[in-house]
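Within every chain, numbering begins at 1; the chains are lettered A, B, ... in the order of the sequence lines, protein sequences first and strands thereafter.
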Protein chains: 2
Amino acid sequence: MTLITKNMSSRLARSAFDLFALHGINNVNMDMIAAHSNCTKGSLYWHYDTKKAVILAACELYYRNWEEQMDHELASVKDPEKRLKKAVRYSIRHCMVDSKNRVFTLGIMGLALYDEDIKKSWAGFYDHVREYFIMLVQKAKDAGKTNAVDARRVVDLMLVAFEGIKLRTIIEPDFDVSAEEKAVYEGLMEVLGCPN
Amino acid sequence: MTLITKNMSSRLARSAFDLFALHGINNVNMDMIAAHSNCTKGSLYWHYDTKKAVILAACELYYRNWEEQMDHELASVKDPEKRLKKAVRYSIRHCMVDSKNRVFTLGIMGLALYDEDIKKSWAGFYDHVREYFIMLVQKAKDAGKTNAVDARRVVDLMLVAFEGIKLRTIIEPDFDVSAEEKAVYEGLMEVLGCPN
DNA sequence: GTTCTTCCATACTGATTGGTATGGTTGTTT
DNA sequence: AAACAACCATACCAATCAGTATGGAAGAAC
């Protein structure tokens with residue numbers, strides 16, 4: 001029985017992301033994605049030519065989601081210092097607590113090693129995030145709330161720390177999330193020249 | 001023609017590591033490993049029951065290699081501050097410049113997500129590295145060469161930064177390694193309470 | 001030199017999985 | 001209503017690859 005659905009394309013991307021983030025990209029096949037969207041492989045391959053296309057669509061979803069979450073998080077905050085702090089705290093939580101985020105990004109990294117398109121896609125997002133944070137630090141600096149000398153440098157250091165936190169959370173056997181969360185937060189705020 | 005070789009077991013592990021680090025674990029199959037060691041799959045499977053066993057053997061090789069390299073690097077240095085600085089510089093170089101290291105560890109992380117044994121193996125190594133660095137910081141602190149309050153905390157932050165550097169180096173399209181290397185080094189030495 | 005264990009080579013299998021071939025159904029255009 | 005494009009379902013293929021079956025060669029033990 002054929003059932004034509006509006007927005008099947010984005011529904012497939014959503015399913016793909018959910019499955020990728022749950023099982024890892026390598027452990028998800030095209031049949032699983034189709035089944036999860038209540039359709040078949042024929043339909044899936046009509047919307048996306050290759051698995052890689054599906055992966056890139058899932059990436060776009062991830063980027064948009066980050067943007068929306070962050071905007072939502074900072075929407076009500078006006079003070080530059082508070083905005084910076086909240087953004088950092090949200091990012092740490094995002095890296096450490098949200099296992100879907102960890103699993104997905106790790107899978108993407110593994111592919112990016114050998115695929116220029118995926119690498120380029122992710123690099124674009126990474127640049128965007130960097131500029132976003134540099135702006136936050138700059139604003140806090142203009143308000144005299146941080147003594148960071150070089151916004152770009154401290155943000156770069158913070159971002160690699162974020163990435164590292166994801167990896168570490170994966171391998172740490174038992175991990176007191178809330179305690180570590182606080183420690184990492186304080187460490188990073190020192191780096192940002194903005195201690196409590 | 002059958003040719004019995006001494007130490008075929010470790011030669012296979014060596015081949016496995018080299019191939020994993022070059023092509024990524026997922027892109028290397030058992031035939032490739034055997035061929036690279038100039039033997040056949042029959043022999044490979046006599047020494048290692050499963051691919052996972054080969055992977056774990058490659059990990060052990062990696063651990064030993066880290067240990068030896070680090071010892072060699074610090075062998076001639078006596079001053080605690082210099083030892084710490086050299087260890088940090090070596091680690092950054094190791095993460096940023098050595099692509100084999102990046103590729104291999106990234107692959108391992110991807111597997112560790114879904115395999116307890118690999119996760120446990122890697123976590124053990126990670127703990128070892130952490131203790132190693134904490135000791136270095138502690139010694140520098142005892143010598144009054146750093147004002148780091150909590151050695152464990154700064155080392156943790158540094159280690160996640162190392163992991164993050166690996167990931168970032170992967171996706172950065174064009175990357176001025178030497179310039180970044182210096183920036184990261186200085187940032188980390190500040191974190192360690194030991195600026196130049 | 002026979003026996004036994006260790007070690008290696010060849011050929012094969014079974015399962016997985018991206019991707020395709022093909023034909024049907026829905027909705028729109030003329 | 002006929003033609004056409006957009007969309008979906010079913011069945012299949014071809015390649016890949018971890019792991020096995022089996023037999024043989026090298027070296028040690030006696």
Discussion item. Heavy atoms within less than 4.0 Å of DNA chain C: which residues of residues 14-23 of chain B have one? Give them sorted by number.
Written reply: none
Fill in: Any residue meeting salt bridge (charged side-chain N to carboxylate O under 4.0 Å, His left out) with A/Arg89, in chain and number order, not counting sequence neighbours
none
Item to complete: With sequence neighbours excluded, tell me which residues meet side chain to side chain donor-acceptor pair (under 3.5 Å) with B/Glu68.
Response: none
Item to complete: Could I get the full list of side chain to side chain donor-acceptor pair (under 3.5 Å) partners for A/Lys100, not counting sequence neighbours?
Response: A/Asp18
Worksheet entry | salt bridge (charged side-chain N to carboxylate O under 4.0 Å, His left out) pairs, two or more places apart, involving residues 48-58 of chain B | B/Lys52-B/Asp115, B/Lys52-B/Asp117
Item to complete: List for me each residue that meets ring-ring contact (aromatic ring centres under 6.0 Å, His included) alongside B/Phe20, sequence neighbours excluded, and say none if there are none.
Response: none
Worksheet item: CG of A/Asn7 versus C1' of D/dA6: gap in Å, rounded?
Response: 15 Å
Item to complete: Please list residues of residues 37-58 of chain A whose heavy atoms come under 4.0 Å from any atom in DNA chain C, ordered by number; otherwise none.
Response: A/Lys41, A/Tyr45, A/Thr50, A/Lys51
Response to the item:
Residues pairing under ring-ring contact (aromatic ring centres under 6.0 Å, His included) where one sits in residues 24-52 of chain A, two or more places apart or in two chains, turn out to be none
Worksheet item: Which residues satisfy the side chain to side chain donor-acceptor pair (under 3.5 Å) test with A/Tyr126, sequence neighbours excluded?
Response: none
Fill in: Partners meeting side chain to side chain donor-acceptor pair (under 3.5 Å) with B/Tyr63 (sequence neighbours left out)
B/Ser121
Discussion item. Using side-chain heavy atoms (C-beta onward) and a distance below 4.5 Å, is A/Pro80 in contact with A/Gln138?
Written reply: no
Worksheet item: What residues in residues 25-34 of chain A put a non-hydrogen atom under 4.0 Å from any atom of DNA chain C?
Response: A/Val28, A/Asn29, A/Met30
Response to the item:
Sorted by chain and residue number, the salt bridge (charged side-chain N to carboxylate O under 4.0 Å, His left out) partners of A/Glu60 (sequence neighbours excluded) come out as none
